[in-house]
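Down below is the structure, laid out as structure tokens.
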Amino acid sequence: MENKNFIRTIIEKDLETGKHTQIATRFPPEPNGLLHLGHARAIIMNYILSKDYGGTFNLRFDDTNPIKEDAMFVEGIKRDIAWLECHWDNLYYASNYFEEMYKRAKVLIEKGLAYVCDLTPEEIKDFRGDLTSPGKESPYRNRSVDENMELFERMKHGDFKDGEKVLRAKIDMASPNINMRDPIIYRIQRSYHHNTKNDWCIYPMYDFAHPIEDAIEGITHSLCSLEFEDHRPLYDWFVKHTEMESVPRQIEFGKLKIANQVIGKRAIRKLVDDGVVDGWDDPRLITLSGLRRRGVPPMAIHNFVKALGLPKSEGETELHMLDEYIRDYLKTEARRINAVIDPIKVVITNYPEDKSERLEAPYNRENEALGSRALSFSSEVYIERDDFLEQKPNKKWKRLSLGIEVRLMHAYFIKANEVKYDESGNVQTIYATYDPETKSGSGFNARKPNGNIHFVDAKTAQPAEIRIYEDLMHDTDDSKPLEDRINKHSKTIKQGFIEGDIDIAKNEAFQFTRLGYFSADDDSTQDKLVFNRTVALKSSFKRKK
RNA sequence: UGGGCUAUAGCCAAGUGGUUAAGGCAUCGGACUUUGACUCCGACAACGGUGGUUCGAAUCCACCUAGCCCAGCCA
């Protein structure tokens, strides 16, 4: 369920009053890094707003600064957004509008609203003034239109060195809004652009480029984050004075911040370099690629983002809220199979050693369409170490103990009779007996078991590596340095078993009965299955200790 | 000390002059259960502060407090 938000209110009003007959949104990433969960709000909201009101949604790369950008990121971003199932109607590049932007800059010059400035970067900074005092006008501010036009053309033609001149808008050096103090709109910067190669040596600045990009595409509602609120007067100024026929409206909302996560590029790079995480797609990171690898379904992210809405306030959302949307989505979507992560062998002494049988077991009782499988059972099975305690500790204990009878789900009741330990005193083998009368599906109800536990038939079990992830950061005090907050034990690798004869598609999500949701990792091979724990099942079981 | 914003429970978030102040997450009870899951019932607590306007204020006004953003030839 989506929270109502102020942007929907604006859109609905614009549609009602006839200001727009159709809306158009866009997501404008700069291809200078990878997307993370924080971006999901902007991507998904722009997408669903366009869908909900029958409009269009563009993916537009805001590639106006080649020294920071790379085609590699273009591909990564496209892959991530496609994975998120936010289908763009058009794929555009700001760099395709360079010619148009250049012309619009000339419109400004012709109107006496832009000038070429020869001040050095230091001087420009100096002339800009500061937060509390007004700036000073550049001595080049009153060059003639002709001179400006000629100089600007020469800038484009490469007559000047990088940084030697800039084109600035002529607005107001005394404005309390620093963005209005004659902002730079073009800089000279010779660098290879992933799209336009070496065609240009001047590149437009964001404040100038962005409104023009939006206007060219006929974007009606241009959503961005709060820090651009101060830029809105400039945005409107450029749309107006460059005489764009289409007038987009910039609307700011609060970024989606997730508490206690590493998202900074430098920080992640350090974690990767230090070997703390295994890469940019490590399941402990909230990069979209990390979430994908962890097995998070894209629709769970949609539901999460919709539940959060589109507020103007900026809070920090706890990641465990996403967990609930993951479980909620996978609850009916995932097949449920048996796996044992920390196995103990159980020998069923009254079951013939050479016998083995198949028991009909549905994959998901809440979604019959998922079908069933023939679950294998024999005289030796594995159960979870946690599911056995020699002495039943209290009445609440709903698992196996000596002399206690539990049901192996989908199979039979078993009663533990004897335990064998290894040299270090750990339970090695449990000897049990089963009661053939209690076969699942037989309708047996003469007595109740002390609980229901899951198992894997040892004879057909498939070994599997299971990776358990916990929070990357344990310490929530963000005033401490990152390295002191890192949880050194955020990843645990277990060698367990999953039931045999399950066909497993790459990246398929499963519920491992009573354990949680897991998905097959890319590292899986023909002979070695690897699973990531996406999220554990909830548990109201309070363990002592 | 300039400008732009924000403030509703442990977390997120509706609400725009009249509501018992939605909902979700979390938490705590209980029922049910072949997953200590799911489901279902129940509990739970909030309008940053102080004044003012009004018959009536979370909503309007004033002042205060706290937090965020802005002085890149980044976006």
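Side chains included, hydrogens not; waters and symmetry mates left out as well; all remaining heavy atoms used. Just so we're on the same page: letters track the sequence lines, and every chain starts at 1.
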Inset, instruction - Using both distances under 3.5 Å as the test, list the Watson-Crick or G-U wobble partner of B/rA43, or none. - result: B/rU27
Legend entry - Out of B/rC74, B/rA75, B/rG36, whichever nucleotide has its closest atom nearest the side chain of A/Thr64: B/rA75
Inset, instruction - Return the nearest nucleotide to the side chain of A/Glu366; candidates are B/rC73, B/rA37, B/rA75. - result: B/rA37
Legend entry - Nucleotide paired to B/rU1 in any strand shown, Watson-Crick or G-U, under 3.5 Å: none
Inset, instruction - Mind checking A/Leu119 for me? I need base, sugar-phosphate or nothing, with any heavy atom below 4.0 Å counting as a touch. - result: base
Legend entry - C1' spacing across the pair B/rG48 / B/rU6, given as an integer number of angstrom: 12 Å
Legend entry - Under 3.5 Å on both distances, the Watson-Crick or G-U partner of B/rA71: none
Inset, instruction - Could you please name the partner base of B/rA66, counting Watson-Crick and G-U wobble pairs only when both distances are under 3.5 Å? - result: B/rU6
Inset, instruction - Determine the interatomic distance between C1' on B/rC12 and the same-named atom on B/rA46; round to the nearest Å. - result: 13 Å
Legend entry - Between B/rC41 and B/rU33 - C1' atom distance, rounded Å: 15 Å
Legend entry - Inter-nucleotide C1' distance (B/rA62, B/rU53), Å rounded: 11 Å
Legend entry - Atom P, compared across B/rU39 and B/rC61: separation rounded to whole Å: 44 Å
Inset, instruction - Decide, yes or no, whether a salt bridge links A/Lys538 with A/Glu324 under the criterion of side-chain N to carboxylate O below 4.0 Å. - result: yes
Inset, instruction - Please state how far atom CD in A/Glu252 lies from atom P in B/rA75, giving the value in whole angstrom units. - result: 18 Å
Legend entry - Same-atom distance (P) from B/rU16 to B/rC74, integer angstrom: 44 Å
Inset, instruction - Please determine, for the side chain of A/Tyr206, which listed nucleotide (B/rU34, B/rA26, B/rA75) has the closest atom? - result: B/rA75
Inset, instruction - Kindly assign one of parallel, tilted or perpendicular to the pair A/Phe238 and A/Phe208, based on the angle between their ring planes and the thresholds 30° and 60°. - result: perpendicular
Inset, instruction - Sugar-phosphate atoms are those with a prime plus P, OP1 and OP2; base atoms are the rest. Using that split, label each nucleotide of nucleotides 6-14 of chain B B, S or - for protein heavy atoms under 4.0 Å, 5' to 3'. - result: S----SSSS
Legend entry - Anti versus syn assignment for B/rG72, with syn defined as within 90° of 0: syn
Inset, instruction - Using the C1' atoms only, state how far B/rU34 lies from B/rG29, rounded to an integer number of Å. - result: 25 Å
Legend entry - Side chain of A/Arg128 - closest among B/rG2, B/rC38, B/rC73: B/rC73
Legend entry - A/Lys331 with A/Glu366: basic N within carboxylate O range, under 4.0 Å: no
Inset, instruction - Could you state the atom-to-atom distance from NE2 of A/His210 to C1' of B/rG72 in whole Å? - result: 18 Å
Inset, instruction - Scan A/Glu324 against the nucleic acid and name what it touches under 4.0 Å (heavy atoms): base, sugar-phosphate only, or nothing. - result: sugar-phosphate
Legend entry - A/Phe152-A/Tyr115 aromatic ring centre distance below 6.0 Å: no
Legend entry - Most 5' of A/Lys68 and A/Ile178 on RNA chain B, judged by nearest nucleotide: A/Ile178
Legend entry - Positive for ring pair (Phe, Tyr, Trp, His ring centres under 6.0 Å) with A/Tyr203, one of A/Phe98, A/Tyr102, A/Tyr186: A/Phe98
Inset, instruction - Answer yes or no: side-chain N or O of A/Asp230 and base N or O of B/rG3 forming a donor-acceptor pair under 3.5 Å. - result: yes
Legend entry - Residues in side-chain hydrogen bond (donor to acceptor under 3.5 Å, both in side chains) contact with A/Lys415, at least two apart in sequence or another chain: none
Inset, instruction - Indicate whether the side chain of A/Asn450 and that of A/Lys392 have a donor and an acceptor atom separated by less than 3.5 Å. - result: yes
Legend entry - A/Tyr93 OH to B/rA75 C1', straight-line distance once rounded to whole Å: 18 Å
Inset, instruction - Could you tell me which nucleotide pairs with B/rU19 by Watson-Crick or G-U wobble geometry, both distances under 3.5 Å, or answer none if nothing does? - result: none
Inset, instruction - Measure the distance from CZ on A/Phe238 to P on B/rA75 and round it to the nearest whole Å. - result: 12 Å
Legend entry - Which nucleotide in B/rG36, B/rC70, B/rC73 has an atom nearest any side-chain atom of A/Ser539: B/rG36
Inset, instruction - Assess the pair A/Phe253 and A/Phe6: is the distance between their ring centroids shorter than 6.0 Å? - result: no
Legend entry - Selected nucleotide, minimal atom distance to A/Glu30 side chain, candidates B/rC73, B/rA75, B/rC38: B/rA75
Legend entry - Listed nucleotide nearest any side-chain atom of A/Asn65, set B/rU34, B/rA75, B/rC73: B/rA75
Legend entry - Atom C1', compared across B/rA13 and B/rA22: separation rounded to whole Å: 10 Å
Inset, instruction - Looking only at side-chain atoms of A/Arg187, point me to the closest of B/rC73, B/rC70, B/rA37. - result: B/rC73
Inset, instruction - Remember a base hit wins even if backbone is also touched, and classify A/Lys125 as base, sugar-phosphate or nothing at under 4.0 Å, heavy atoms. - result: sugar-phosphate
Legend entry - Toward the 5' end of RNA chain B, by each residue's nearest nucleotide, A/Gly129 or A/Gln511: A/Gln511
Inset, instruction - Fit a plane to each ring of A/His36 and A/His39, take the angle between them on a 0 to 90° scale, and name the class: parallel (under 30°), tilted (30 to 60°) or perpendicular (over 60°). - result: tilted
Inset, instruction - For the side chain of A/Arg399, starting at C-beta, report the closest nucleotide among B/rC73, B/rG36, B/rG72. - result: B/rG36
